[in-house]
J.: 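I'd like to ask some things about the structure below.
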Amino acid sequence: MPEFITRKSEDFSEWYTDVILKAELADYAPVKGCMVIRPYGYALWENIQRILDGYLKETGHVNAYFPLFIPWSFLEREKAHVQGFAPEVAVVTRAGDRELEEPLVVRPTSETIMYAMYAKWIRSYRDLPILINQWNNVVRWELRTRLFLRTTEFLWQEGHTAHATYEEAEAEALKILGIYKKFIEQDLAIPVIAGVKPESEKFAGAFRTYTVEAMMGDRKALQAGTSHNLGQNFAQAFDVKFQDRDGQWKYAWQTSWGVSTRLIGALVMVHGDDHGLFLPPRVAPIQVVIVPIWKTDEERQQVLVAAQSIAESLRNLQIRVHVDDRDYETVGYKFNDWELRGVPLRVELGPRDLARRQALVVPRGEAKTPVSMDALADHIQAELSRIQQMLFQRARAFMESNTFTLDDYAEFARRIETYGGFYRLRWCEQATCEQKIREETKATLRCLPLNAPNEPGPCVVCSAPSRYRYVVARAY
RNA sequence: CGGGGCGUGGCGCAGCUGGGUAGCGCAUCUGCUUUGGGAGCAGAGGGUCGGAGGUUCGAAUCCUCUCGCCCCGACCA
């Protein structure tokens, strides 16, 4: 077992930080609470962007860019919104040696400035729907930060739509939630529970907030993405109105939704192990690493030629492949290095393999299999797809086996303290019961799953009649 | 914002109690030997001890102030 990183079972938090730093996904920046996303981590983010951006465009969304600075007065127009964000906004009050007439907020999210523009652009029902997304950075002055999970500045996409009817907006919010679920499950191989947030966990200014919740390797929950039905709250605050077919002026119905670089933290915590990262093939910056092995210069020449030729044939199949031809590191070092970086598939190629017209294919964490050169490309393609499936199924089995249905509050409190996990508990939807759970167990009501069946019975806290089981967990 | 911990070559640390030539491991560089699961030997380079002030013949070490970071609790993608 490697001693270069803390063991996952020993100290999950230390392990997480070790993996990110040593795999060179990110590093601490000289500014408090900020991080540098290093090239390898950024390549991962670019893959996430590319795939998700494709899904959003397929469904009619277009990209645009709005300013980083927002007039302070804009933030104040929606009451719940400003209350939610005021404590964590960074404000620019000075430019050069001159005080600004009106302070400018560094966007913590772009509802206000975007909807001020929507108000200008929308006149008729024919201008709707507006389906705009933007990839950008936002700043939230968090008191306690953690690499990828919560940093002062982070990267994300934020989609903002405006519709003619409530039904359309609601359908949009759910459609996006479905896209997030599909993306996170199929491409990131992370199973999620899609659901509705309780009132207390709603986005500041939203009518309703939908969420996808994932279980990390320490059995804690992570909110992986949110989609909000904003109702007409912002439309009224920003005067986003249109004249409908019937001649009446009406406020638009809006949605907003986002996922962030936090997803990278989720990838680490869901798939990683004591050897380091384990990246799902569909987003891995390097899907296949070829490690050539040689002793003599002559062998080196031959092996490298063969390695490049294999790499070329894989690239023709759109596989992201890297040949590790470093001559100053040993083979053993390279094996460990690429496992730490989470490359899903390794190909070992030495003189012995060349003589047999084969290569050793090594799925991360599995046994080495000799594969003949002729069958190699097909085999690798199939393996990448198998690994993608395996990661998802493994994560799903983990989440399912750590999700429990309980009716006894004391037992829940005891088990979440010692073991963690997701608990399906009946809740009467009273804030006092929610508060009690939060204060006594540090767990929160994550969501009411979308497909939750009607399961009438007593609230786990107060025994009042309740209809549904909510998912309850400690969360990041 | 409250509680705790830590700042000493690039990284991880020792030295501080009881002041007296700044050290160890890893990494780096050079050479030779190695190379199928984190190589070996020999040599070399690299530090105003976070910063400022004070005590002293003399401060990494003692005193005062200050800055920064990490971890744990209340808020959050």
Side-chain angles (χ1 to χ4, degrees), chain A residues 1-6 11 13-14 16-18 21-22 27-35 83-89 107-110 136-158 180 197 200-204 209 211-214 221-228 256-266 275-276 291-297 299-300 303 324 326-340 346-355 359-360 362 364-365 367-368 370 438-439 442 444 475-476:
Chain A
M1 199 57 60
E3 293 140 31
F4 327 103
I5 54 177
T6 308
D11 185 340
S13 180
E14 271 291 309
Y16 174 78
T17 305
D18 273 2
L21 296 178
K22 301 233 163 91
D27 200 356
Y28 292 104
V31 180
K32 191 198 299 206
C34 292
M35 67 173 186
Q83 278 185 354
F85 282 106
E88 55 186 27
V89 288
R107 66 178 163 222
T109 178
S110 301
N136 63 13
N137 58 336
V138 288
V139 167
R140 298 180 187 176
W141 218 264
E142 303 287 353
L143 299 172
R144 206 175 143 202
T145 57
R146 234 158 167 292
L147 292 172
F148 287 113
L149 299 180
R150 194 180 303 104
T151 46
T152 301
E153 178 190 9
F154 59 93
L155 306 184
W156 73 346
Q157 58 70 215
E158 49 175 328
Y180 285 166
K197 282 287 185 190
S200 63
E201 304 272 336
K202 272 188 347 189
F203 171 75
T209 290
T211 178
V212 279
E213 301 281 327
L222 182 80
Q223 181 174 301
T226 48
S227 177
H228 317 289
S256 70
W257 26 273
V259 297
S260 71
T261 38
R262 171 180 263 196
L263 289 175
I264 294 175
H275 295 270
V291 179
I293 297 155
W294 67 77
K295 283 193 175 69
T296 65
D297 269 354
E299 283 173 348
R300 177 168 181 270
V303 164
D324 186 355
R326 288 179 289 181
D327 58 6
Y328 51 87
E329 298 291 6
T330 63
V331 168
Y333 179 91
K334 292 178 182 179
F335 291 168
N336 287 287
D337 194 36
W338 293 113
E339 281 168 11
L340 170 61
R346 180 173 75 236
V347 172
E348 301 177 18
L349 192 67
R352 293 208 292 268
D353 302 302
L354 285 189
L360 295 184
V362 194
R364 190 184 178 289
K368 307 184 183 196
R438 187 198 298 254
E439 282 165 13
K442 293 180 206 156
T444 47
Y476 278 98

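Convention: sequence-line order gives letters A, B, ...; per-chain numbering from 1. As the structure is a prediction and not an experimental result, all values here were calculated from the model.
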J.: Establish, with yes or no, whether the OP1 or OP2 oxygen of A74(B) is under 4.0 angstrom from a side-chain nitrogen or oxygen of R144(A).
T.: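 Answer no for this pair, as no side-chain N or O of R144(A) is under 4.0 Å from OP1 or OP2.
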
J.: Aromatic ring centroids of Y333(A) and Y328(A) under 6.0 Å?
T.: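 Not under 6.0 Å, so no.
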
J.: Within 45° of the six-membered ring axis of F154(A) and under 6.0 Å from that ring's centre, is NZ or CZ of R262(A) located there?
T.: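 The answer is no, since R262(A) fails at least one limit relative to F154(A).
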
J.: Do NZ/NE/NH1/NH2 and the carboxylate oxygens of E299(A) and R352(A) come within less than 4.0 Å?
T.: no

J.: When the distance from CZ of R150(A) to P of A77(B) is rounded to whole Å, what number comes out?
T.: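 Rounded to the whole Å, the gap is 9 Å.
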
J.: Got a minute to check which stems RNA chain B is part of, using Watson-Crick or G-U wobble pairs under 3.5 Å, three or more consecutive?
T.: B:1-7 with B:67-73, B:10-13 with B:23-26, B:28-33 with B:39-44, B:50-54 with B:62-66

J.: Take the protein atom CG of D337(A) and the nucleotide atom P of A39(B), then report the distance between them rounded to whole Å.
T.: 11 Å

J.: With sugar-phosphate meaning primed atoms plus P, OP1 and OP2, does T151(A) contact a base, only sugar-phosphate, or nothing at under 4.0 Å between heavy atoms?
T.: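 Touches a base.
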
J.: Should the pair K334(A)-E348(A) be classified as a salt bridge under the 4.0 Å nitrogen-to-oxygen rule?
T.: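 Salt bridge between K334(A) and E348(A), a charged N being under 4.0 Å from a carboxylate O: no.
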
J.: Just how far, in rounded Å, is C1' of C75(B) from CD of Q83(A)?
T.: 14 Å

J.: Can you tell me if R150(A) uses its side chain to pair, donor with acceptor, with the backbone of G33(A) under 3.5 Å?
T.: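 Such a contact is absent between R150(A) side chain and G33(A) backbone.
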
J.: Within less than 4.0 Å of OP1 or OP2 of A77(B), is there a side-chain N or O belonging to T226(A)?
T.: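 Checking T226(A) against A77(B): no side-chain N or O falls below 4.0 Å of OP1 or OP2.
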
J.: For L222(A), report the nucleic acid contact type (base, sugar-phosphate, nothing); a contact means any heavy atom under 4.0 Å.
T.: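 It contacts nothing in the nucleic acid.
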
J.: For R346(A), answer base if it contacts any base atom (sugar-phosphate contacts may also be present), sugar-phosphate if it contacts only those atoms, and nothing otherwise; contact means non-hydrogen atoms under 4.0 Å.
T.: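 Counting heavy atoms under 4.0 Å across all strands, the contact made by R346(A) includes a base.
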
J.: Can you measure Y476(A) atom OH to C75(B) atom C1' for me and round it to whole angstrom units?
T.: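 Going from OH in Y476(A) over to C1' in C75(B) covers 18 Å.
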
J.: Determine the interatomic distance between P on G10(B) and the same-named atom on C6(B); round to the nearest Å.
T.: 22 Å

J.: Look at all strands and tell whether G258(A) reaches a base, only sugar-phosphate, or nothing, counting heavy atoms closer than 4.0 Å.
T.: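 Answer is nothing: G258(A) stays at 4.0 Å or more from every strand.
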
J.: Please state how far atom CH2 in W294(A) lies from atom C1' in G36(B), giving the value in whole angstrom units.
T.: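 Between C1' of G36(B) and CH2 of W294(A): 13 Å.
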
J.: Look at the side chain of K295(A) and the base of G36(B), then say whether one donor and one acceptor between them are separated by less than 3.5 Å.
T.: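 Between G36(B) and K295(A), which were checked side chain against base, a qualifying N/O pair under 3.5 Å is absent.
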
J.: In terms of heavy-atom contacts, does CG of D297(A) have more than 12 from other residues, nucleotides or ligands at under 6.0 Å?
T.: no

J.: Say you pick atom C1' in C75(B) and the same atom in G2(B); how far apart are they, in whole Å?
T.: 14 Å

J.: Can you check the distance between A60(B) and A14(B), where both ends of the measurement are the C1' atom (answer in whole Å)?
T.: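 Rounded to whole Å, the distance is 12 Å.
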
J.: How close or far is atom C1' of C72(B) from atom NZ of K442(A), stated in whole angstroms?
T.: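 Nearest whole value for this atom pair: 9 Å.
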
J.: Looking across every strand, which nucleic acid part, if any, lies under 4.0 Å from K368(A) by heavy atom: base, sugar-phosphate, or nothing?
T.: base

J.: Round to the nearest Å and state the distance from L155(A) atom CG to A77(B) atom P.
T.: 17 Å

J.: Looking at A266(A), is its backbone amide N or carbonyl O close enough to the side chain of Y476(A) to form a donor-acceptor pair, meaning the two atoms are under 3.5 Å apart?
T.: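 No, Y476(A) side chain to A266(A) backbone: no donor-acceptor pair under 3.5 Å.
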
J.: Could you state the atom-to-atom distance from CD1 of I264(A) to P of A77(B) in whole Å?
T.: 18 Å

J.: Determine the Euclidean distance between corresponding C1' atoms of C49(B) and C62(B); express it in Å to zero decimal places.
T.: 16 Å

J.: Please figure out whether D327(A) or F154(A) has its closest RNA chain B nucleotide nearer the 5' end.
T.: D327(A)

